[in-house]
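Right, one structure below, let's go through it.
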Protein chains: 2
Amino acid sequence: MPTLQQMRYLAALAETLHFRRAAELAHVTQPTLSTQLRELELRLGVQLVERSRSRVILTPVGEEIARRARAVLRDVEEIRAVARFARQPLHGTMKVGVVQTLGSYLLPLIVPDLHRSHPELGFYVREGLPEALLGRLEQGGLELLFCALPVNRADLVATPLFHEPLMLVAPEEHPLARHEVVDASALKDQTILTLEPGHRMHDQIGDFCRDVGARISPDYEGTSLDTLRQMVAMGMGLSLLPALYVRSEVARERLVVARPLRAPAPARQIGMVWRKGSARAGEFSDLAGIIRDILRTRAPEISVPEDEAAA
Amino acid sequence: MPTLQQMRYLAALAETLHFRRAAELAHVTQPTLSTQLRELELRLGVQLVERSRSRVILTPVGEEIARRARAVLRDVEEIRAVARFARQPLHGTMKVGVVQTLGSYLLPLIVPDLHRSHPELGFYVREGLPEALLGRLEQGGLELLFCALPVNRADLVATPLFHEPLMLVAPEEHPLARHEVVDASALKDQTILTLEPGHRMHDQIGDFCRDVGARISPDYEGTSLDTLRQMVAMGMGLSLLPALYVRSEVARERLVVARPLRAPAPARQIGMVWRKGSARAGEFSDLAGIIRDILRTRAPEISVPEDEAAA
DNA sequence: TGTTTCAATAGATAGAATCTATCAGGAGGC
DNA sequence: GCCTCCTGATAGATTCTATCTATTGAAACA
C-alpha cells in the first residue's frame with residue numbers, strides 16, 4: 001500500500017521534475033526521496049518516473065497517479081482543517097434534542113443572542129418525547145438535550161438552567177381569572193386539561209391535581225402546549241402551563257388569561273443533559289453558563305441558578 | 001500528519017463501533033488499533049471517539065472525519081487500480097505522434113486489426129512535422145512516434161516497420177503513364193511537385209530529382225500528400241508519392257496513375273521511435289512486432305523486416 | 001459476589017523511514 | 001580531449017514507529 005509520504009514525494013517530483021529540488025521541497029534529503037519513490041513504484045508495480053541524468057520525465061501512469069496523489073493530499077489536508085476548526089470550543093454543529101414542551105419557546109428565546117455572541121455555533125435540533133430523546137442521547141444520535149430534570153441515568157450528567165413554575169391558564173370569563181394569584185385549593189373540583197402520557201408534565205400535573213382535588217379531564221389529552229391553550233380558550237377546562245410558554249404565547253392574546261399559583265406552586269426544573277464523558281462536556285458546561293446569562297437578561301422573572309459544576 | 005493506516009482504523013471503528021471487532025476488521029490486534037486511534041486524535045488535536053465501557057460513539061467531528069477518511073481510502077484504492085491496469089501491457093492509452101505524410105493512411109491501415117486484437121489499447125494521436133514531433137517525444141509530451149528513419153538522437157531508440165518505395169504519380173494522359181515500370185532516367189527535365197520544407201520527403205525528393213536531372217517545381221510546394229495528388233491531377237506536373245499512400249488514395253480514382261520506378265527506386269524507411277528508458281519500451285517493441293504482422297497481411301506488396309531488437 | 005467483557009497500558013521487537021557519505025555516469029567548459 | 005560539476009543511485013548506520021504479547025482496571029452481567 002502506498003503511503004501518504006510517498007505520494008507527497010511523487011507530487012513534489014511531478015512539480016520540480018528534479019530529484020534534489022523535489023527533496024528540498026519535501027524537506028528531506030535526496031536519497032530519501034529517491035528510495036521512497038522507488039519503493040512506491042515497487043508497491044504499485046509500475047514505473048512512474050523515467051530517470052536519466054539529463055532529464056526526469058513522469059510516465060503517463062506517473063502523471064495520472066501524481067494527479068490523483070495531489071487530490072488525496074488535498075483531501076487529507078482538508079481533514080486536518082476540519083479538525084483544526086472543530087478544536088475551537090463552541091464552533092461547529094451541535095446535535096441537540098429538545099422536549100416538545102420546551103421546543104416552541106426555549107430556543108427562540110436564547111438562540112438569537114447565542115448566535116450573536118457565537119456565530120460559528122450551529123444547532124441541529126430534534127424535538128420529541130423525553131424517553132425517546134434520552135435514548136437517542138445515550139446512543140449517540142444526539143449530543144445534548146434540553147429537558148426537565150431530574151434525569152436518573154448513570155451515564156448521563158445534567159445541569160439546571162432555570163426553575164419554571166406552572167401557571168394556571170383559564171378562559172377570560174372564568175371566575176378564577178379574577179384573582180391575581182390563585183391558591184391551589186381553589187382548583188378543587190375544577191377540570192384540568194393536560195398532555196398525553198409520555199410527557200413529564202402529564203405525570204406532574206396528574207399528581208398535583210390528585211393532591212388538590214382537581215379533576216383531570218378524561219376525554220381529552222393534548223399533544224402540545226398549543227392545543228391545550230386552544231382547548232382552554234374553547235372552554236373545555238383549565239390548564240397548567242409553563243411560565244415561559246405563557247410569556248411567549250399566552251400573553252399575546254386575549255382569549256385566555258394566566259395566573260400564578262400561590263407557593264408552593266407546581267414547577268419544573270429545566271436543564272441540559274449530556275453523556276458522561278462526552279468529548280464536548282466542557283463546552284456544554286460553558287454553554288449552560290452562557291444560556292443562564294441570556295435567560296437572566298431575557299426572562300428576568302424566571303429563577304436561574306448560579307453556575308455550578310455539572311452534577 | 002495522519003497516516004492512511006490511522007484512517008483505515010478510524011473507518012473500521014466507525015463501522016463496528018467496537019474496538020476489538022474493528023481491530024479484527026483491520027487485521028491488527030486491539031491495542032494496536034487503540035493506540036493508533038489515540039495517536040490520530042493527538043495529531044488532529046480533536047477527540048474523535050467517546051470511549052466508555054458500555055458504548056463507543058464517534059463524536060460529530062469523528063463522524064465527519066471518518067466520512068472523509070473513507071473517501072481518501074477509496075481514492076488511494078483507485079490509485080492502486082490505475083497502477084494495476086497500467087501494469088498490463090498494451091492496455092490503456094498511448095500518446096503517439098505521426099508525421100503528416102503518414103497520418104492519412106498508416107493508422108487507418110493498422111488500427112482496425114490492432115483494435116480487434118487489443119481492444120483495451122487506445123491511441124491519442126498528434127500529427128505534425130518530424131522535428132516538432134521529435135521534440136515533443138523527448139520532452140515527454142509523446143510516448144511513441146511513427147516517422148521515417150533514421151533518427152539520430154542519443155536518447156531515442158527506433159525500430160523499422162516497413163520499407164516504402166516512392167512511386168511516380170502522373171496524369172492519366174501523360175506519356176510516362178504508358179510504361180508499366182518507369183526508369184528514373186525518364187524523369188529527366190520533367191517537372192516534379194513536392195512538399196514544403198520540413199518534411200523528410202522534401203529533401204529526399206529534392207536529392208533524387210537533382211540526381212536524375214528532373215526539375216522541382218519552384219512555384220508550388222504541397223502541404224500534404226493529398227494536395228500534391230490533386231495538383232498532379234490538374235496537370236501541374238508529376239510527383240513521387242509513397243507506395244502505401246498510392247495504395248490507399250491514388251488507386252481509388254481514375255484521374256492520376258501511379259507507376260513504380262525501376263530499382264534503385266527512391267524509398268523511405270518507416271519506423272517507430274521512443275525514448276530510451278521509456279517505461280513502456282517493452283510494450284513498444286511488442287507493438288512493433290504486431291504492426292509488422294498486420295502490414296504483412298494487409299499490405300503484402302510492401303517489404304517488412306524481420307523482428308529484431310530495437311536499435 | 002464472582003465472572004466475563006471491554007478498552008487501556010506496559011514493555012519488547014521488528015520493520016521502516018530517514019540520515020550521512022559515497023559512487024557512477026553524463027554535460028558542459030576550457 | 002580532459003576535467004569539473006551536477007545528477008540520481010547506493011550503502012550502511014540510526015532513530016523512530018507501528019505492531020505484538022501480556023496484563024490491568026473498570027464496568028456489566030449473572
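As the structure is a prediction and not an experimental result, all values here were calculated from the model. Each chain gets a letter, A, B and so on, in the order its sequence line appears, and its residues count up from 1.
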Below 4.0 Å: OP1/OP2 of D:dT19 and any side-chain N or O of B:His27: no
Atom-to-atom span, NZ of A:Lys276 to C1' of D:dA27 - whole angstrom: 12 Å
Nucleotide C:dC19, atom P - distance to CD of A:Glu24 in whole Å: 13 Å
Check: A:Ala148 main-chain N/O paired with A:Arg200 side-chain donor or acceptor under 3.5 Å: yes
5'-most by nearest nucleotide on DNA chain C - B:Pro31 or B:Arg21: B:Arg21
Phosphate-side-chain proximity, A:His18 and D:dG8, N/O vs OP1/OP2 below 4.0 Å: yes
Proximal nucleotide (of D:dT19, D:dT10, D:dA9) relative to the B:Thr35 side chain: D:dT19
Atom pair distance, as rounded to whole Å: CD in A:Glu39 and C1' in C:dA16: 9 Å
Residue mapping more 5' on DNA chain D - nearest nucleotide basis, A:Thr32 or B:Val28: A:Thr32
Any A:Thr29 side-chain nitrogen or oxygen under 4.0 Å from OP1 or OP2 of C:dC19: yes
Between D:dA9 (C1') and A:Arg20 (CZ): distance, integer Å: 15 Å
Atom pair distance, as rounded to whole Å: CG in B:Leu4 and P in D:dA18: 12 Å
Phosphate OP1/OP2 of D:dA18: any B:Gln36 side-chain N/O under 4.0 Å: yes
C:dA7 phosphate, OP1 or OP2, under 4.0 Å from B:Ser34 side-chain N/O: no
Validation row: B:Glu283, B:Leu144 side chains within 4.5 angstrom (heavy atoms): no
Residue-phosphate contact under 4.0 Å: A:Arg55 side-chain N/O, D:dG8 OP1/OP2: no
Validation row: A:Leu90, A:Glu120 side chains within 4.5 angstrom (heavy atoms): no
d(CG, A:Leu33; P, D:dT7) in whole Å: 14 Å
Touch class at under 4.0 angstrom, heavy-atom based, for B:Gln5 against every strand present: sugar-phosphate
Candidates D:dA18, D:dT19, D:dG8 - which lies nearest the side chain of B:Gln6: D:dA18
D:dA9 phosphate, OP1 or OP2, under 4.0 Å from A:Arg51 side-chain N/O: yes
Closest to the A:Phe19 side chain, choosing from C:dA7, C:dT18, D:dG8: D:dG8
Nearest heavy atoms of A:Ile270 and A:Leu149, plus distance in Å: C-CG, 4.3 Å
Sugar-phosphate, base or nothing in reach of A:Arg8, heavy atoms under 4.0 Å: nothing
Side chain proximity check, A:Met94 to A:Arg280, heavy atoms < 4.5 angstrom: yes
Distance, rounded to the nearest Å, where A:Leu17 contributes CG and D:dG8 contributes C1': 14 Å
Euclidean distance, atom CG of residue B:Leu42 to atom C1' of D:dC16 [Å, nearest integer]: 16 Å
Phosphate-side-chain proximity, B:Arg38 and C:dA7, N/O vs OP1/OP2 below 4.0 Å: no
Over 12 foreign heavy atoms within 6.0 Å of CZ, B:Arg38: no
